[in-house]
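Take a look at the structure set out below.
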Amino acid sequence: MLRVFIEYQPFPFPLAPGEKIQPNCWQILLMSAVFAIFVYPLLYKLGRAGRANEKIRDYVPMTIGLILIGTEIYKQILMLYHFNWKYHFYLFPFQLCSVPMYTAALIPVIKNQKLKDSLFSFMAFYGMIGGLSVMIYQKSVLTWEDYSLNWHSIFWHLSLIALGIFSASYLRIGSGSFNRNAKILSYGSIVFVICVILAEIMNFMIVMNKGYNEYTSGGNLFYISMFMYNLDIPILKIVISHCGWYIGLIGYTSVLLLGGLVLSLLYMGFNRLNKAITNKFQLKSIKTNN
């Protein structure tokens, strides 16, 4: 009995046996409502203010990035504790939804304006896609045996949407011509493709150095490892199991690039709708005053 007690490493906030946090439960809906009503409008306004104020432009995303880094450190320590201080490399924070943590924190350090805008573009498009996709398919992250890790996942992806709104507002994404928006999208897409390449290199290095075992699970970074077949991503796991890793990698990258394009069109549509509503109220106000 003493040996079992010493070797067992429970989570500090464990769920009851068989208990699961359900997607769109009232707690998640409440957290989402708080972000939608208070956080997102504030980040949109701060993004606009950041166009003329470098401190707002740099330090707002940096603050969010540092908060995410702090919560990620908690998660990593907690997982180390749970696994008897043996690191599982598939938990290394370099996923599509993890990279915005680094890009946001690094914004003040980047002096080259084009590179800075490329990082903002990445967060506005691909960070936003990561946040939205998980909030739509919440089941993919509500898998932990600990309350704090599940709420961490929801908070994390809501924060990615906040970063996306700030970045899109700062870059004026959606305004101007299609060519202008396509150019901004291309900046973020280059960052995304570079991250995909880096993730696959890291997957390869992890397995080559640590082997394919319970501690690596094929690397699993960006869910595109050539050694990783146990996926829980709809459609992608079917493609990889039937067509092979390289087809899955091409498909994964292409779908996300297409998602960036679709999101760019949505930004443009939202911008035009917002302008139409604003003009309508201004015209009404002028007629009333006359």
Side-chain angles (χ1 to χ4, degrees), residues 35 39-40 42-77 87 89 91-132 134 152-153 155-174 180-181 183-203 205-206 221-222 253 256-257 260 263-264 267:
F35 269 78
V39 179
Y40 296 156
L42 175 62
L43 267 292
Y44 175 77
K45 291 182 179 180
L46 288 174
R48 296 185 64 178
R51 300 170 191 169
N53 189 314
E54 292 183 1
K55 289 186 177 180
I56 293 176
R57 176 198 65 189
D58 290 350
Y59 292 109
V60 169
M62 185 198 74
T63 300
I64 298 175
L66 291 178
I67 292 173
L68 293 178
I69 288 173
T71 61
E72 183 62 29
I73 291 173
Y74 165 78
K75 172 186 172 182
Q76 295 292 324
I77 293 174
Y87 193 69
F89 284 88
L91 293 170
F92 184 77
F94 196 81
Q95 305 286 6
L96 176 64
C97 298
S98 304
V99 176
M101 166 180 66
Y102 306 115
T103 56
L106 287 173
I107 286 295
V109 181
I110 306 298
K111 301 305 178 184
N112 183 283
Q113 190 60 46
K114 191 170 183 179
L115 177 56
K116 192 188 291 280
D117 288 347
S118 296
L119 298 184
F120 275 122
S121 176
F122 172 80
M123 291 186 288
F125 290 106
Y126 299 99
M128 178 71 83
I129 289 174
L132 288 174
V134 168
H152 165 268
S153 296
F155 171 80
W156 186 284
H157 293 89
L158 287 171
S159 298
L160 293 189
I161 297 173
L163 275 173
I165 291 172
F166 177 89
S167 301
S169 178
Y170 163 69
L171 292 174
R172 296 185 178 92
I173 296 177
R180 175 187 180 275
N181 286 278
K183 185 177 181 180
I184 296 174
L185 172 60
S186 68
Y187 293 159
S189 298
I190 291 172
V191 176
F192 165 69
V193 172
I194 290 173
C195 289
V196 169
I197 295 171
L198 287 175
E200 195 58 279
I201 292 173
M202 293 166 69
N203 285 331
M205 291 176 65
I206 288 171
L221 306 182
F222 264 63
T253 307
L256 283 174
L257 289 172
L263 192 55
S264 179
Y267 279 131

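We number each residue from 1, following the sequence as shown. Computed from a prediction, not measured in an experiment: that's the story for all the values here. Atoms considered below: every heavy atom in the structure, side chains included; atoms not considered: hydrogens, waters and symmetry mates.
Scanning for side-chain contact (heavy atoms from CB on, under 4.5 Å) contacts around Tyr59 gives Lys55, Met62, Pro108, with sequence neighbours left out. In terms of the side-chain contact (heavy atoms from CB on, under 4.5 Å) criterion, residue partners of Ile77 (sequence neighbours excluded) are, by chain and number, Ile73.
The aromatic rings of Phe166 and Tyr170 lie parallel to each other, with less than 30° between the two planes, well short of the 60° mark. Ring geometry for Phe94 versus Phe222: interplanar angle of 30 to 60°, hence tilted.
Minimum heavy-atom separation, Ser121 to Leu171: N-CD1, 3.6 Å. In terms of heavy-atom proximity, Met128 sits nearest to Ala124 at CB-O, 3.2 Å. Of all the heavy atoms in Phe92 and Met202, the pair that sits closest is CE2-CE, 3.4 Å. Here the closest non-hydrogen pair linking Val99 and Cys195 is CG1-SG, 3.8 Å. Shown here for Gly130 and Leu160, the closest heavy-atom pair between the two residues is C-CD1, 4.4 Å.
In the model, Tyr126 has a side-chain atom that pairs as donor or acceptor with a side-chain atom of Ser189 under 3.5 Å.
Atom CG of Asp58 is separated from atom CG of Leu106 by 11.5 Å, given to the nearest 0.5 angstrom.
Shown here is Glu54, whose CD atom has no more than 12 heavy atoms of other residues, nucleotides or ligands within 6.0 Å.
Between the side chain of Ser264 and the backbone N or O of Gly260, no donor-acceptor pair lies under 3.5 Å. Side-chain atoms of Lys116 never come within 3.5 Å of backbone atoms of Lys111 as a donor-acceptor pair (strictly under, hydrogens ignored).
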